[in-house]
Engineer: 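Structure provided below as structure tokens; questions to follow.
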Amino acid sequence: MTKEICKDVIYIGVDDPAQLLFESQYHTPDGMCYNSYVIRDEKIAVMDTSDSRTLEPWKRNLAEALDGRHPDYLIVHHLEPDHASGIAQVCALYPGMQIVCSAKAKQMMSQYFDDSTLEARILTVKEGDTLALGYHTLHFVMAPMVHWPEVMVSYDSAACALFSADGFGKFGTYGADADDWACEARRYYFNICGKYGTPVSTLLKKASALDIERILPLHGPVLEGAQLAEALRLYTIWSAYDVETEGVFVAHASIHGNTAAAAEKLVEILKAKGCPKVAVNDLCRDDLGEAIEDAFRYGRMVCMASSYDAGVFPPMYDFLHHLDIKAYQRRRVALVENGSWAPSAAKTMRPMLEGMKQVEVVEPVVTLRGRMTEADVTRLEALADAILA
């Protein structure tokens, strides 16, 4: 599929509805899109390539957009294989084309391609460099660690368009849930870029100096108008690790269902006490990526887990490990453990959480012993008061 985004800017990306596990870990039931664009001016720039799974339809889209012309430049914003797998192939098709990328991308190029002739075709750019295509001029902005060290973005001053690499991306195909961008964009951000809030904030500050009417990411829809404004608002919140939604997230990992029953009761108690929003995730069955997303979305969380092998049930351990590596911070967390003879979940969860930046473990810790009792319900009431305070 090709589509004109604005004057001279053509979308040549490809949907892969069969890509149901992105990066071999994130569930994408709608598939995934790999965006690429062509700026057709006096000189032609191809903006990134595509994933290895989609190179043949991508090359057909490229040929259609070129309409018999040869490209002058291939702009490589991000060298990750889902966007750069076609570099060697497209260079073979168009021997006169130059590769434009950051110095770090040039350094990393040989890690992905055996073609020793590529290096001679590389034009490296740095912060503030420009590339004139005719009516359109590209302005290059370095964006290291959003979310790889070689990343850059480019701004087309004629189209008022920011080519944002993986920034502002989302899971799903190009048109899937386009009106509800935030849902899958949030899960994408916290799982892909969440660790790198400071570099994202730096990029947002640079972008604020530009007259941006549209953002063209490497995944998800082109953002314009009210949707663009909302995306910028949310990215400002997300990158600062601020709370997006007032409420409580309850994450539970239950072996035989007793801890899950207690979680259901706690949700009921929180709602009765006027909590504006309560989100729940069964860490044994629900998508881990959504659990990560909700942990960052809300300012308060309750972790409820069975004890296991003198520690904590592995689904909860895995969840907390993921929060740690994604730089979870500035949140309040309450703990509920279950252990029939030697409760151990809380003593495992607590140091994991306290090792994270500005994470407060809320007292009291509630200990269940198998099935939930009336006395446990009273303790859950007190815990609800503490987490809502």
Side-chain angles (χ1 to χ4, degrees), residues 26-30 170-172 177 180-194 197 230 233-235 237-238 240-254 257 259-306 312-313 315-324 326-338 345 349 352-353 356 359-362 366 372 380-381 383-389:
Y26 301 115
H27 293 287
T28 48
D30 294 324
K170 68 181 283 290
F171 293 123
D177 300 320
D180 188 17
W181 175 86
C183 180
E184 286 292 64
R186 184 186 298 105
R187 184 165 71 99
Y188 177 92
Y189 175 85
F190 285 114
N191 285 278
I192 304 294
C193 300
E230 177 65 358
R233 183 187 75 85
L234 288 173
Y235 256 64
I237 293 170
W238 297 344
Y241 302 99
D242 287 340
V243 174
E244 178 189 346
T245 303
E246 289 299 325
V248 176
F249 173 50
V250 178
H252 64 84
S254 181
T259 306
E264 291 175 7
K265 185 63 179 177
L266 180 60
V267 169
E268 177 186 317
I269 291 168
L270 287 166
K271 289 180 178 178
K273 289 181 178 294
C275 184
K277 176 72 175 177
V278 184
V280 188
N281 187 286
D282 179 349
L283 297 174
C284 303
R285 294 167 180 82
D286 297 336
D287 179 57
L288 178 60
E290 291 192 2
I292 301 298
E293 167 193 351
D294 281 339
F296 279 95
R297 180 175 184 173
Y298 300 95
R300 299 165 178 147
M301 179 170 69
V302 183
C303 293
M304 309 179 65
S306 304
V312 68
F313 194 33
M316 178 60 75
Y317 188 96
D318 190 36
F319 169 60
L320 294 178
H321 169 69
H322 275 77
L323 285 185
D324 186 28
K326 298 301 180 183
Y328 185 70
Q329 58 187 267
R330 297 174 55 205
R331 298 293 189 268
R332 302 179 74 237
V333 183
L335 302 178
V336 177
E337 64 177 354
N338 197 339
M349 292 188 286
M352 294 181 75
L353 287 159
M356 301 177 200
V359 171
E360 174 194 353
V361 175
V362 176
V366 173
M372 180 175 52
L380 290 174
E381 293 269 3
L383 183 72
D385 289 335
I387 194 66
L388 291 173

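Everything numeric here is computed off the predicted structure, so don't read it as measured data.
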Engineer: Does Thr259 reach the main-chain N or O of Ser254 with its side chain, forming a donor-acceptor pair under 3.5 Å?
Structural biologist: no
Engineer: Does OH in Tyr298 sit with more than 12 non-hydrogen atoms of other residues, nucleotides or ligands closer than 6.0 Å?
Structural biologist: yes
Engineer: Could you check Leu335, Leu388, Val336 and say which one makes a side-chain contact (heavy atoms from CB on, under 4.5 Å) with Leu383?
Structural biologist: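 The passing option is Val336.
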Engineer: Just to verify, which of Tyr188, Phe190, Tyr189 counts as forming a ring-ring contact (aromatic ring centres under 6.0 Å, His included) with Tyr235?
Structural biologist: Tyr189
Engineer: Would you say the side chain of Asp242 lies within less than 4.5 Å of the side chain of Arg330, judging by non-hydrogen atoms?
Structural biologist: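 They are in contact (side-chain heavy atoms under 4.5 Å apart), so the answer is yes.
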Engineer: As an exercise, state the distance from CG of Asp385 to CD of Glu381, rounded to the nearest 0.5 Å.
Structural biologist: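 Reported to 0.5 Å precision, the distance equals 7.0 Å.
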Engineer: Working to the nearest 0.5 Å, report the span between NZ of Lys273 and CD1 of Ile387.
Structural biologist: 13.0 Å
Engineer: Which value, rounded to the nearest 0.5 Å, describes the distance between Ile237 atom CD1 and Arg233 atom CZ?
Structural biologist: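 If we round to the nearest 0.5 Å, Ile237:CD1 and Arg233:CZ are 4.5 Å apart.
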Engineer: For Asn191, does its backbone N or O pair with a side-chain atom of Lys326 as donor and acceptor, under 3.5 Å?
Structural biologist: yes
Engineer: Working to the nearest 0.5 Å, report the span between CZ of Phe319 and CE of Met352.
Structural biologist: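 Going from CZ on Phe319 over to CE on Met352, the span is 10.0 Å.
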Engineer: Using atom types as modelled, flag every donor-acceptor pair under 3.5 Å from a side chain in residues 275-293 to any protein atom, sequence neighbours excluded.
Structural biologist:
{"unit_1": "Asn281", "atom_1": "OD1", "unit_2": "Leu283", "atom_2": "N", "d": "3.4"}
{"unit_1": "Asn281", "atom_1": "ND2", "unit_2": "Asp287", "atom_2": "O", "d": "3.4"}
{"unit_1": "Asp282", "atom_1": "OD1", "unit_2": "Cys284", "atom_2": "N", "d": "3.0"}
{"unit_1": "Asp282", "atom_1": "OD2", "unit_2": "Arg285", "atom_2": "NH1", "d": "3.1"}
{"unit_1": "Asp286", "atom_1": "OD2", "unit_2": "Asp282", "atom_2": "N", "d": "2.8"}
{"unit_1": "Asp287", "atom_1": "OD2", "unit_2": "Arg187", "atom_2": "NH1", "d": "3.2"}
{"unit_1": "Asp287", "atom_1": "OD2", "unit_2": "Gly289", "atom_2": "N", "d": "3.3"}
{"unit_1": "Asp287", "atom_1": "OD2", "unit_2": "Glu290", "atom_2": "N", "d": "3.0"}
{"unit_1": "Glu293", "atom_1": "OE2", "unit_2": "Arg186", "atom_2": "NH1", "d": "3.2"}

Engineer: Would Asp294 and Met301 count as a side-chain contact (heavy atoms from CB on, under 4.5 Å) here? Give the steps.
Structural biologist: CA-CA 9 Å; Asp294 281 339; Met301 179 170 69; over 6 Å; no
Engineer: Could you tell me the separation between the CZ atom of Phe313 and the CD atom of Glu337, rounded to the nearest 0.5 Å?
Structural biologist: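 Between atom CZ of Phe313 and atom CD of Glu337 there are 15.5 Å.
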Engineer: Please table the atom pairs, donor to acceptor, closer than 3.5 Å between any side-chain atom in residues 261-272 and protein atoms at least two apart or in another chain.
Structural biologist:
{"unit_1": "Lys265", "atom_1": "NZ", "unit_2": "Glu268", "atom_2": "OE2", "d": "3.0"}

Engineer: For the backbone of Thr245 and the side chain of Arg297, can you confirm whether one donor and one acceptor N or O come within less than 3.5 Å of each other?
Structural biologist: no
Engineer: Are Val302 and His252 packed together at the side-chain level, in the sense that at least one heavy-atom pair is separated by less than 4.5 angstrom?
Structural biologist: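 Side-chain contact under 4.5 Å: no.
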Engineer: Determine the minimum heavy-atom distance between Arg300 and Ala389, stating which atoms define it.
Structural biologist: NH2-O, 3.7 Å
Engineer: From Arg332 CZ over to Leu353 CG, what is the distance, rounded to the nearest 0.5 angstrom?
Structural biologist: 13.0 Å
Engineer: Which pair of non-hydrogen atoms, one from Val243 and one from Gly299, has the smallest distance, and what is that distance?
Structural biologist: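 Heavy-atom minimum between the residues: CG2-CA, 3.5 Å.
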Engineer: Checking the side chain of His322 only, and the main-chain atoms of Asp318 only, is there a donor and an acceptor separated by less than 3.5 Å?
Structural biologist: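 Answer holds: yes.
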Engineer: May I ask you to test the Met372-Leu380 pair for a side-chain heavy-atom distance under 4.5 Å?
Structural biologist: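 They are in contact (side-chain heavy atoms under 4.5 Å apart), so the answer is yes.
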Engineer: Is atom CD of Gln329 surrounded by more than 12 heavy atoms (other residues, nucleotides or ligands) closer than 6.0 Å?
Structural biologist: yes
Engineer: Shortest non-hydrogen contact from Ala345 to Ser306?
Structural biologist: CB-O, 3.8 Å
Engineer: Within the side chain of Tyr241, is there an N or O that forms a donor-acceptor pair under 3.5 Å with the backbone of Gly194?
Structural biologist: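 Checked: pair present.
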